[in-house]
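Below is one structure, written out as structure tokens; the observations come after it.
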Amino acid sequence: MRLDRFLSAQTSLTRSAASEAIRRGAVCVNGMPVRKPDAAVNPELDAVTLAGKPVSYEQFVYYLLHKPTGVLTAARDKKQPTVLDLIKPEDRRRGIAPSGRLDKDTSGMLLLTDDGQLSHQLISPRHHTAKYYLARLRDPYRPEYAEQFRAGIFLREGGREEQCLPAECVPVGGQLALLRLREGKYHQVRRMFAAAGNFVIDLLRVQIGALPLPPELPKSAYQKLSTKDISLLCEDSSISSVRAFCMQHYSSYWIK
Ligand code: URA
């Protein structure tokens with residue numbers, strides 16, 4: 001692989017900024033300065049440094065962010081803070097983007113990655129990846145929600161009624177409900193509860209597939225996912241086990 005391509009893939013430098021850094025002599029390969037942007041490197045074997053700091057090789061990066069409310073799920077915005085702004089400059093790489101989206105007013109688990117194939121798999125309704133949401137409702141939970149959502153509730157989409165895929169819903173105590181969706185329509189959870197005559201006050205995404213939002217991960221913080229975590233994203237859990245997890249860790253989330 002060309003040195004300039006390696007450097008721009010593994011850092012936030014553009015290809016031309018990488019070439020410029022190489023020409024300046026800021027890049028060493030196995031301890032020796034290399035000033036040719038087209039020099040060949042073996043990412044698995046060669047030790048590359050930029051301004052004396054090692055540049056490690058990872059084909060893709062996967063960050064699990066605890067998105068806070070008030071932040072946009074977008075790469076950048078001229079006026080408002082985005083989830084990419086929460087990633088430290090040294091952890092940013094070109095191509096990192098949120099996988100799916102959470103509304104500005106929704107908090108919880110968001111994957112940021114440059115692995116487009118996995119991202120697509122997690123978003124596409126064809127793959128049926130489960131997403132779990134904990135909703136704090138204005139009015140008490142009603143047992144009818146389970147059947148209404150399982151049957152596929154109708155939402156207005158572009159001027160016509162569209163039926164949602166079957167979703168599971170269980171109470172978590174008080175005004176809390178846990179919902180499992182396998183698709184991601186615009187404001188879906190909020191609109192589903194509105195269609196059922198209730199109102200979502202707060203919304204937290206607590207799990208994707210079989211990977212929960214780590215309870216010890218503070219709002220706005222993120223962590224790198226392990227290979228095991230990544231495979232859990234593509235598996236599933238029973239809603240009763242997610243419910244038990246929420247009762248243990250997240251039932252007082254909005255009180256803190
Ligand atoms: N449903 C919503 O209403 N909002 C989200 O952010 C995600 C799902």
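Values below: all heavy atoms of this structure, side chains included; hydrogens, waters and symmetry mates excluded. Whatever order the structure lists them in is the order used to number ligands and atoms, beginning at 1.
A donor-acceptor distance shorter than 3.5 angstrom exists from the side chain of Tyr250 to the backbone of Leu213, with no hydrogens or angles considered.
Within a 6.0 Å radius of NE2 in His120, other residues, nucleotides and ligands contribute 12 heavy atoms or fewer.
Under the ring pair (Phe, Tyr, Trp, His ring centres under 6.0 Å) criterion, Tyr222 pairs with Tyr63, not counting sequence neighbours. Phe6 is linked by a ring pair (Phe, Tyr, Trp, His ring centres under 6.0 Å) to nothing, counting only residues two or more places apart in sequence or in another chain.
When Ile22, Leu50, Asp4 are each tested for a side chain to side chain contact (heavy atoms under 4.5 Å, CB included) with Leu13, only one passes: Leu50.
Within the structure, salt bridge (charged side-chain N to carboxylate O under 4.0 Å, His left out) pairs that include any residue of residues 117-130 do not occur (at least two apart or interchain).
Listed by chain and residue number, the protein contacts of ligand 1 are Leu102, Asp103, Thr106, Tyr133, His187, Gln188, Val189, Arg190, Leu203 (heavy atom within 4.0 angstrom).
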